[in-house]
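For reference, the structure discussed in these notes is given below.
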Amino acid sequence: MEAIINGADDSTATSPDRRSALTYRRFGDPAGVLQIDKRPLQDRGRHMLGVAMVLAPINPSDLIPITGAYPHRIALPAIGGYEGVGQVVDASPDHADWIGRRVLPLRGEGTWQSIVDCDADLAIRVPDYVPDHLAARAYINPLAALCMMDARDVAGRTVLLLGAGSNCADYLGALAREHGAKHVIGIYRSLERAPRLEALGIEPVGLSDARAVTRAAERADITFDALGGPVGTEVLKSMRAATVFVSYGLLSGEPIAFAGSCARHCRFHLRDALAGMSVGAWQGMFGRVWPLLRHVEVPAGQVFAARQWRQALIAFARPGRAKPLLDLQAF
Ligand SMILES: NC(=O)c1ccc[n+]([C@@H]2O[C@H](COP(=O)([O-])OP(=O)(O)OC[C@H]3O[C@@H](n4cnc5c(N)ncnc54)[C@H](OP(=O)(O)O)[C@@H]3O)[C@@H](O)[C@H]2O)c1
């Protein structure tokens, strides 16, 4: 990342020769370490696009690295955000046809900034029929769910989702049904998630009903766990022999504390699934993402001006909330 030239006040407007970025210089609680910085615009390489950002979500996957969960992988200072949508405003003559297009500028700089520089090979063109609020969320969770489901044969099986009600679990549930799962059960925390789970064909089970959770675990052939902690541990313990438990998140903030399960315990990280993927395969994945977004009918998010990022973080922590999205045009 280029040098930060000054730590700006949250209400400072962006000047035309600068870009604003939600940055962290040390790891810790995102509310305590994030700040808006102004950085100079710089020349881009021939293969790079300048993308004026429009919207980006706040996902658990964005906040966990800021806390310092992967310090060896992140060079500080760093810009937050792994996904979002914007419009190409600058490109070399070789890529002049990109100017004005809506794209996802992915797998490069953090997306919580006003202008993102992005490798043209990795930028994803957004079809006209996909609205910004969906396009902004088209990467992390849809791709994670597609990759996890591609790696498992769920046909005729009972699938258990821990952390149901989350965006990623919605996709997993919908894909499991599409791939012929016999039954899909979702363990949710907030009761207001239950009607939506039922509408997606997922049997809702409350996290607080420990006996029902154990019964669901005993029935499950494949569990996708985003919780970890005591519930993940209990489910892993209760699963039958020759079943599979996939850990892909730690929403509880605690790891699984159990070895020696009958179930096969494996971990999923999207970055591992994408490592070594060719540009063609990467671009091709989005041919499957757009129909998935339509199929699942993703709930509306709650939009905050980028300057209101503190309020967005407060909203993020509220059980049962909608997904917070940052309006990056309003830095
Ligand atoms: N491994 C990977 O490559 C990968 C990729 C994508 C996502 N993920 C993981 O997938 C998970 C879901 O992400 P998302 O973006 O889909 O989430 P999301 O839509 O923002 O939803 C978050 C969900 O987490 C629940 N939650 C938060 N804290 C909880 C707790 N302490 N106990 C139980 N439930 C809790 C919320 O419950 P309420 O219903 O009460 O609000 C909400 O349903 C995250 O753990 C993320 O890291 C991993």
Side-chain angles (χ1 to χ4, degrees), residues 30 56-67 69-70 73 80-84 106-107 133-134 136-151 161-175 186-197 200 202 204-210 213 223-235 245-256 266-275 277 285 289 292-293 296-302 312-326:
I58 299 181
N59 293 315
S61 308
D62 298 313
L63 298 184
I64 292 163
I66 298 173
T67 64
Y70 317 112
R73 255 190 267 128
Y82 286 100
E83 66 178 335
L106 301 176
R107 300 176 68 186
H133 77 94
L134 282 188
R137 293 178 272 175
Y139 167 40
I140 296 289
N141 288 318
L143 242 65
L146 282 166
C147 291
M148 276 191 268
M149 209 47 77
D150 282 353
L161 307 172
L162 305 187
S166 73
N167 185 233
C168 197
D170 277 0
Y171 293 126
L172 284 168
L175 287 168
I187 309 294
Y188 64 87
R189 179 176 69 171
S190 293
L191 185 58
E192 53 263 58
R193 306 289 187 196
R196 178 171 164 77
L197 294 176
L200 288 169
I202 300 170
V205 171
L207 186 60
S208 55
D209 186 344
V213 171
T223 293
F224 294 97
D225 173 37
L227 293 179
V231 176
T233 301
E234 183 53 38
V235 167
F245 182 98
V246 181
S247 289
Y248 73 97
L250 286 182
L251 288 166
S252 67
E254 295 172 56
I256 297 279
C266 33
R267 289 184 177 73
F268 173 84
H269 294 290
L270 182 58
R271 65 176 174 279
D272 298 336
L274 298 181
M277 187 181 275
M285 287 299 287
V289 164
L292 178 63
L293 295 185
V296 171
E297 289 185 27
V298 181
Q302 185 180 7
L313 287 181
I314 291 167
F316 175 90
R318 209 172 287 138
R321 48 87 180 147
K323 176 83 76 182
L325 296 158
L326 295 175

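In this chain, residues are counted from 1 in sequence order. As the structure lists them, so they are numbered: ligands from 1, and atoms in each ligand from 1.
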Separation of L227 CG from S166 OG (nearest 0.5 Å):
8.5 Å
Which protein residues have a heavy atom under 4.0 Å from ligand 1?
N59, P60, S61, I64, I140, N141, A144, G165, S166, N167, C168, R189, S190, R193, L207, A226, L227, Y248, G249, L250, L251, S252, F268, H269, L270, P319, G320, R321, K323
Treating R267 as the side-chain partner and S247 as the backbone partner, does any N or O pair qualify as donor plus acceptor under 3.5 Å?
no
Could you give all pairs that pass the side-chain hydrogen bond (donor to acceptor under 3.5 Å, both in side chains) test and reach residues 136-149, with sequence neighbours left out?
H133-R137, N141-N167
Within the supplied structure, the quantity of interest is the number of heavy atoms (other residues, nucleotides, ligands) at a distance under 6.0 Å from E297 CD; does it exceed 12?
no
Main chain of N59, side chain of D62: is a donor-acceptor contact present, judged purely on distance under 3.5 Å?
yes
Can any side-chain N or O of E83 pair as donor or acceptor with the backbone N or O of I140 at less than 3.5 Å?
yes
